[in-house]
Novice: 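Sharing a structure with you now.
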Amino acid sequence: MSSAVSIVDVVKHFGSLKALDGVSLEIEEGEFFGLLGPNGAGKTTLISTLAGLARPDSGSLKVLGYDVIKDFRQARIRLGVVPQELVFDPFFNVRETLQIQSGYFGIRNNDDWIDEILHNLDLTSKANVNMRRLSGGMKRRVLVAQALVHKPPVIVLDEPTAGVDVELRQGLWQFVRRLNEEGHTIILTTHYLEEAESLCGRIALMKQGRVVALDTTANLLAEHPGGTLEDVFVRTMNQ
């Protein structure tokens, strides 16, 4: 299979801090891939460089063969990113927000797909509600919807269920599993390790800007018989 995401020897400094220290990853098309690590491990920095929001000091990142710097537009249109931060425009309702996001990618007459996303994220009743009036959990649902509105083949979910209720988490994962089964590549960061254990076929563990473990979920668990992914995580971080 060809690579959905190719990351080679990526280094990124913020002043004297080396946020990424030679990270290399190959994520195949159609994978459900977990990117795990404690706060400060470099996960969000890696996602930011992949999305073109930060430039690496060295190394290369490609999305479906397109370099995120040299071919930014081609790479970005193939990528959907759900950020950790609740960033939204307070002047529009939910449907308008998604229509505007469609326009960023040159997509017109996208209402049928927007309706499907709203339904699957349980946002239909909020379609005409101003973004300012939504709860934090509802705003996070809209962020997920924005990332999916242009049907990107590669979807990055950076802590998508942080602070949201169990019902949304279940509904979101059902929808994301369906997208993965349809061929979308999913990259997930989460502090809910049971989510990663049940969803991800392969997992990379990051620590201090480096990948310190990379294997299938089954193999990682087999190294710690009778343990959970949380056990694997704790032991790896303490090594």
Novice: Using a 3.5 Å distance criterion without hydrogens, assess whether the side chain of R140 forms a donor-acceptor pair with backbone atoms of G136.
Specialist: no

Novice: Taking it one step at a time, do L188 and F32 satisfy side chain to side chain contact (heavy atoms under 4.5 Å, CB included)?
Specialist: CA-CA 8 Å; L188 169 69; F32 204 129; 4.1 Å; yes

Novice: With a 3.5 Å distance limit and no angle check, can you tell me whether N93 reaches the backbone of E96 through a side-chain donor-acceptor pair?
Specialist: yes

Novice: Crowded around N109 CG? As in, over 12 foreign heavy atoms under 6.0 Å?
Specialist: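 Counting other residues, nucleotides and ligands, CG of N109 stays at 12 neighbours or fewer.
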
Novice: Which heavy atom in A75 sits nearest to a heavy atom in D67, and how many Å separate them?
Specialist: CB-O, 4.1 Å

Novice: So for atom CD, which belongs to E159, do other residues, nucleotides or ligands contribute more than 12 heavy atoms lying within a distance under 6.0 Å?
Specialist: yes

Novice: Say you draw a straight line from OG1 of T45 to CG of L17; how long is it, rounded to the nearest 0.5 Å?
Specialist: 8.0 Å

Novice: My understanding is that only one of L148, N180, V144 makes a side chain to side chain contact (heavy atoms under 4.5 Å, CB included) with I155; could you say which?
Specialist: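 Single pass found, and it is L148.
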
Novice: Before accepting this row, confirm whether a basic side-chain N of the pair D158/K43 lies closer than 4.0 Å to the acidic partner's carboxylate O.
Specialist: no

Novice: Can you check whether A54's main-chain N or O pairs, donor with acceptor, with S48's side chain at less than 3.5 Å?
Specialist: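 Flag not set: sc S48 to bb A54 has no pair under 3.5 Å.
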
Novice: Are side-chain N/O atoms of Q174 and N120 paired as donor and acceptor at under 3.5 Å?
Specialist: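 Looking only at side-chain atoms, N120 and Q174 do not form any donor-acceptor pair under 3.5 Å.
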
Novice: Once you round to the nearest 0.5 Å, how far does NZ of K151 lie from CD1 of I117?
Specialist: 8.5 Å

Novice: Using atom types as modelled and distance alone, determine if a side-chain donor or acceptor of R132 lies under 3.5 Å from a backbone N or O of P90.
Specialist: yes

Novice: Where do L79 and A51 come nearest, in terms of heavy atoms and distance?
Specialist: CD2-CA, 3.8 Å

Novice: H150 vs F105 aromatic rings, parallel, tilted or perpendicular, using cut-offs 30° and 60°?
Specialist: parallel

Novice: When hydrophobic residues are tied together by side-chain contacts of less than 4.5 Å, even through go-betweens, does L25 share a cluster with L36?
Specialist: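 Looking at the clustering, L36 is in a separate group from L25.
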
Novice: Could you state the interatomic distance from OG1 (T44) to CE (M206), rounded to the nearest 0.5 Å?
Specialist: 9.5 Å

Novice: Are R202 and E28 within salt-bridge range, i.e. N to O under 4.0 Å?
Specialist: no

Novice: Under the 3.5 angstrom rule, does the side chain of S102 hit a backbone N or O of R108 as a donor-acceptor pair?
Specialist: no

Novice: Ignoring hydrogens and geometry, is there a side-chain-to-backbone donor-acceptor pair from D21 to G209 under 3.5 Å?
Specialist: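 Checking the backbone N and O of G209 against the side chain of D21, no donor-acceptor pair under 3.5 Å is found.
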
Novice: Would you find more than 12 non-hydrogen atoms of other residues, nucleotides or ligands less than 6.0 Å from R133 atom CZ?
Specialist: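 It does not: R133 CZ has 12 such atoms or fewer within range.
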
Novice: Looking only at non-hydrogen atoms, find the nearest pair between L221 and T228 and report the distance.
Specialist: CD2-C, 3.5 Å

Novice: Which residue, L229, D215, L214, forms the side chain to side chain contact (heavy atoms under 4.5 Å, CB included) with I203?
Specialist: L229

Novice: How long is the span from the CZ atom in F175 to the NE2 atom in H119, to the nearest 0.5 Å?
Specialist: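 That separation rounds to 9.5 Å.
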
Novice: Can you name the nearest heavy-atom pair linking V82 to L143, along with the distance?
Specialist: CG2-O, 4.1 Å

Novice: Would you give the length of the straight line joining atom CD of E31 to atom OG of S3, rounded to the nearest 0.5 angstrom?
Specialist: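 Output value for this atom pair is 9.0 Å.
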
Novice: Between T236 and K207, does a side chain to side chain contact (heavy atoms under 4.5 Å, CB included) hold up when you go through it step by step?
Specialist: CA-CA 9 Å; T236 303; K207 178 181 178 182; over 6 Å; no

Novice: What I want to find out is whether E181 reaches R177 closely enough, with some N-O distance under 4.0 Å, to be called a salt bridge.
Specialist: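 Salt bridge: no.
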
Novice: Between K12 and A19, is there a donor-acceptor pair closer than 3.5 Å when you use the side chain of the first and the backbone of the second?
Specialist: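 Side chain of K12 to backbone of A19: no pair is present.
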
